[in-house]
Amino acid sequence: MGIIENKDKDMEKQVRVRFAPSPTGPLHIGGVRTALYNYLFAKKHNGQFILRIEDTDQGRLVSGAEEYIIETFDWLGIKFDEGIREGGSFAPYRQSDRKSIYKDYAMQLVEKGWAYYAFDTPEELEAIRKTYELEKKNFQYDNLTRTQMRNSISLNQTQVKELLDKETPYVIRFKFPENTEIKLHDMIRKEVVMNTNILDDKVLYKSDGMPTYHLANVVDDHLMQITHVIRGEEWLPSCPLHVMLYKAFGWENTMPQFAHLPLLLKPDGNGKLSKRDGDRLGFPVFPLQWEDPKTQEISSGYRESGYLPKAVINFLALLGWNPGGEKELFKIEELIDLFSMERISKGGAKFDLEKAKWFNHQYIQMEQNQTLAKELLKVLAEKNLNFPMEYVEKVVGQIKERCNFTNDFWDQSYFFFIAPNNYDEKVVKKHWKAETPTYLEQITQLLNSNTYSTTEEIDHLLHDYIKDNDLNMGNIMNTLRLVLVGKSMGPSISEIIFVIGKEETLGRIGNAIKHINI
RNA sequence: GCCCCGUUCGUCUAGUUGGCCUAGGACGCAAGAUUUUCAUUCUUGAAAUCAGGGGUUCGAAUCCCCUACGGGGUACCA
C-alpha cells in the first residue's frame, strides 16, 4: 500500500490566495465569509487576494451573477489585487476564458497514465447506477468497475483510436491508484487520511470541452501560484483528489496549503444555511438584494435591509473565528492584524440574527452622522422631501441610538420632517383631558414670548411652567409628544421642539387642538 | 449504505503546553435602576456535571477508545 501526502512547506514565499466563486446565482453569505477569511489571511501576510470566476459549468450560468459578486465586494470595501476587473499578470481570471489551456493538462495526465478516456454516455451511467440501486448498492466508477466500462482501459488501442476518430464524445477521468492512503494536512483540521479505494475516478474533462472544477481548480491554482487554498468544508472530501492531481502533474513541491472552513448553518434546526431560510426567518442570506432573472423572485440583501458593511464584516469574521479575549468590535485593520488560521473553529456555526442586529446597532452608534445622514437623505428624496444636510445630520444624531438598521431611520425620525397626520388613540385616551387645549395654548404663549437657543433652555421653560402651575409632568409632556410626534416615541420633547423650530412647533400644537376631540 | 469532518450556556464563543475552570465573555432572556414616551444606557440574575460512556493520570473540557447525535461528500455541479 502506497502512501502519498502533502508536506508542510515554508511560508517564506509570497502569499497568494483566491476566492473562486461560481456565477450560478447570488453569492451566499457563507461565500462572503470564505472570501473575507481569504482576504484577512492574505492581508495579514502582505499577500495577494485574487478573484477567479469558476464558470466551467456553462449550463448553470446565471446572468448578472458575476456583476453581483463584484458589486458585493465593492459594497463591503474589500478589494481584490487581481481579478476579472482588476486584471493581473496571471490573466485571464475567468475560467471560460481559459478554456484552451485545460485540455493540454488533461492530455498530459492521459499520457502519463494518470487519466483515461471514458466513452460511457450519461444515459449509460445513469442506467448502471439504477441497477446498483435496485440491489441497494452504490455504483462507483473506480479501480474495481472501470474495467467493465467503456474506456481506454477496458478497450484496446485500436478500439480507442477508432472511437476517437469517429469523434465519439468522451470524458477524461482520473485514474486513482489502488489502495493508497492519501494523507493531507489541513491547516484547520490537521491530518486527514483517506484511502483511494473509496474514491471514484472523477471526471476531469467533460465532453463539452470544459474541465470540471477539480481539474480547472488545480491547474489554475498552480498557474496562478496560489499558496493557500481556503474554502468551505464541502470540498474536504474531494481534496485527496486535488492532492493526487498535484502529484500526478509533478507539482508537489509547489502544492498550496489547504484550509477547509466550517459551514454556516441554519439558526433553527439543522443543515446548512440555505436561500429559503433567510426569508423564512427574517434575515438576509445574501449580501445584496437579488432578483432571479427567470422567476423574478426577490431575495433580500444585507445592504437593502440597512446593514452597514463594517458591521457585516465584523459579525461574519467572528462566525467561526475568534481572536481570543473579550473584545468583539474590530476594525478591519484589527481583524487583519489578529487573524490566524489556527483560531478558526472546526464546528459549523449557526447564524444568529439577534447578534447580527446588535453588531449593526453598535456600528450605527460609531458611524459619523454625516455618513448616516446620506442614507436618510435617500429616503427623503424618495418622498420628495428637501432638507439640508446639516438638518438631517442633526436629526440622525438624535435618533440613531434607537436604530438597529439604517432602514429604521425614517420610522424613528419622520416627525422631524413632516407633521403627524394622525394621533395614536391610546395616547389620546390616556393623556388628552378637557383642559388640555388650555394648557397647550398656554405653552404656545410661553414659547412665543420667550427666546431660546438651546435644548436646555426649552427644558427649563417647560419644567418651570409645569411646576409653577402645579401640573402633572407626565401628562403635559406626553400630550406635547402626542401633538408633535403623533404617538409615544422619539427623543426628548425639548430636542424635537428645538430642531423643528418654533414656527413648526406652534403649528403642530394648533393643529392638534383643532383635530383632537374627546 | 459507504467515506470524511465535527460536538463547551438557547446562540457565537474563551479555554490551545492536562492543575489558576466551584468553566469566562458577548448576544438573547429575566429582574431592577435611569427616563416626559419609545428606545438607549447601567446594575444584577438565571443559563453549559464541557454530547454520553469507558479508560490514562495524583489530577481531564483539555490525552486515548467506543457509542450517540449533527454536518458534509458520494454528478460529464461547483
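What you see is a predicted model; the values in this text were computed from it and never measured.
As judged by a 4.0 angstrom heavy-atom cut-off over every strand, Ser488(A) is placed among the base-contacting residues. Residue-level contact check: Leu318(A) touches the backbone only, with heavy atoms under 4.0 Å from sugar-phosphate atoms and none from bases. Contact annotation for Glu326(A): backbone-only contact, meaning every heavy-atom pair under 4.0 Å involves sugar-phosphate atoms and none involves a base. Using a 4.0 Å heavy-atom distance criterion, Ser207(A) is classed as a base contact. Using a 4.0 Å heavy-atom criterion, one finds that Asn478(A) contacts the sugar-phosphate atoms exclusively. Residue contacts shown for Val193(A) are limited to sugar-phosphate atoms, with no base heavy atom under 4.0 Å away. Among the heavy atoms of the strands, none lies under 4.0 Å from Asp55(A). Counting any heavy atom pair closer than 4.0 Å across all strands shown, Gly347(A) reaches sugar-phosphate atoms only and no base atom. Arg481(A) comes within contact range of at least one nucleobase, with a heavy-atom separation under 4.0 Å. Contacts of Pro262(A) with the nucleic acid, taken as non-hydrogen atoms under 4.0 Å apart, are absent. Heavy atoms of Gly320(A) sit under 4.0 angstrom from primed sugar atoms or phosphate atoms, though from no base atom. Within 4.0 Å (heavy atoms only), Thr121(A) reaches at least one base atom of the nucleic acid. Counting non-hydrogen atoms under 4.0 angstrom, Lys327(A) reaches nothing in the nucleic acid. Val192(A) comes within contact range of the sugar-phosphate backbone alone, with a heavy-atom separation under 4.0 Å but no base atom that close.
Going from the C1' atom of rG28(B) to that of rG45(B) covers 14 Å, rounded to whole Å. Look at the P atom in both rA61(B) and rU22(B): the space between them is 9 Å, to the nearest Å. Only the C1' atoms considered, rU8(B) is 9 Å distant from rU13(B), to the nearest whole Å. When the P atom is used for both rU62(B) and rU17(B), the distance is 12 Å, rounded to whole Å. Here the separation of rU57(B) from rA23(B), taken at their P atoms, is 27 Å to the nearest Å. Atom name P, nucleotides rA75(B) and rC69(B): the rounded distance is 25 Å, in whole Å. One C1' atom belongs to rC50(B), the other to rC38(B), and the distance between them is 41 Å to the nearest Å. Nucleotides rG18(B) and rC64(B), compared at atom P, are 11 Å apart to the nearest Å.
Contact between the side-chain N/O atoms of Arg129(A) and the OP1/OP2 oxygens of rC76(B) is found at a separation under 4.0 Å. In this model, the phosphate group of rA78(B) is approached by a side-chain N or O of Lys206(A) to a distance below 4.0 Å at OP1 or OP2. Side-chain N/O atoms of Ser345(A) include one lying less than 4.0 angstrom from OP1 or OP2 on rU13(B). Here Ser492(A) does not reach the OP1 or OP2 of rU37(B): none of its side-chain N or O atoms lies under 4.0 Å away.
In this structure, Phe416(A) has its ring center at least 6.0 angstrom away from the ring center of Tyr414(A). For Phe351(A) and Phe283(A), the ring centers sit closer than 6.0 Å to each other. If you look at Tyr205(A) and Tyr170(A), their ring centroids are not closer than 6.0 Å. Aromatic ring centroids of Trp432(A) and Tyr423(A) lie 6.0 Å or more apart.
Comment: Arg98(A) engages Asp220(A) in a salt bridge, judged by a side-chain N to carboxylate O separation of less than 4.0 angstrom. Under a 4.0 Å N-O distance rule, the pair Arg52(A)/Asp221(A) qualifies as a salt bridge. Salt-bridge check for Glu133(A) with Lys137(A): failed, with every basic side-chain N at 4.0 Å or more from each acidic carboxylate O. Ion pairing of Lys355(A) with Asp352(A) is absent here, as no side-chain N (NZ or NE/NH1/NH2) approaches a carboxylate O to less than 4.0 Å.
Rounding to whole angstrom units, NZ of residue Lys355(A) and P of rG25(B) are separated by 13 Å.
With rC27(B), rC5(B), rA14(B) as the choices, the nucleotide that has an atom nearest any side-chain atom of Glu233(A) turns out to be rC5(B). For Ser22(A), the listed nucleotide lying nearest its side chain is rA78(B); candidates were rC2(B), rG72(B), rA78(B). Of all nucleotides listed (rC12(B), rC77(B), rG28(B)), rG28(B) comes nearest to the side chain of Trp358(A). Across rC4(B), rG28(B), rU40(B), the shortest atom-to-atom separation from the side chain of His361(A) is found for rU40(B). Distance from the side chain of Leu319(A) is smallest for rC12(B) among the nucleotides rC12(B), rC3(B), rA78(B). Of the listed nucleotides (rA78(B), rA75(B), rG6(B)), rA78(B) has the atom at the smallest distance from the side chain of Glu54(A). Here rU11(B) is the nucleotide among rC76(B), rU11(B), rG6(B) with the atom lying nearest to any side-chain atom of Lys350(A). The side chain of Met489(A) approaches rC38(B) more closely than any other nucleotide in the set rU74(B), rC76(B), rC38(B). Minimum atom distance to the side chain of Asn322(A) is reached by rA14(B), of the listed rU74(B), rC76(B), rA14(B). Side-chain proximity of Glu328(A) to the nucleotides rC76(B), rG25(B), rU16(B) is greatest for rG25(B).
Pairing for rG28(B) is absent, judged as Watson-Crick or G-U wobble with the two contacts each under 3.5 Å. Checking rA39(B) for Watson-Crick or G-U wobble geometry (two distances, each under 3.5 Å) identifies no partner in any strand. Across all strands shown, rA68(B) is found opposite rU7(B) as a Watson-Crick or G-U wobble partner, with both distances under 3.5 Å. The partner of rG19(B) is rC58(B), judged by Watson-Crick or G-U wobble contacts that both fall below 3.5 Å.
Nearer the 5' end of RNA chain B, as judged by each residue's closest nucleotide, is the contact made by Gly348(A), out of Tyr205(A) and Gly348(A).
One can find a donor-acceptor pair under 3.5 Å joining the base of rC38(B) and the side-chain atoms of Arg402(A).
Of the N and O atoms on the side chains of Glu181(A) and Asn195(A), at least one donor lies less than 3.5 Å from an acceptor on the other residue.
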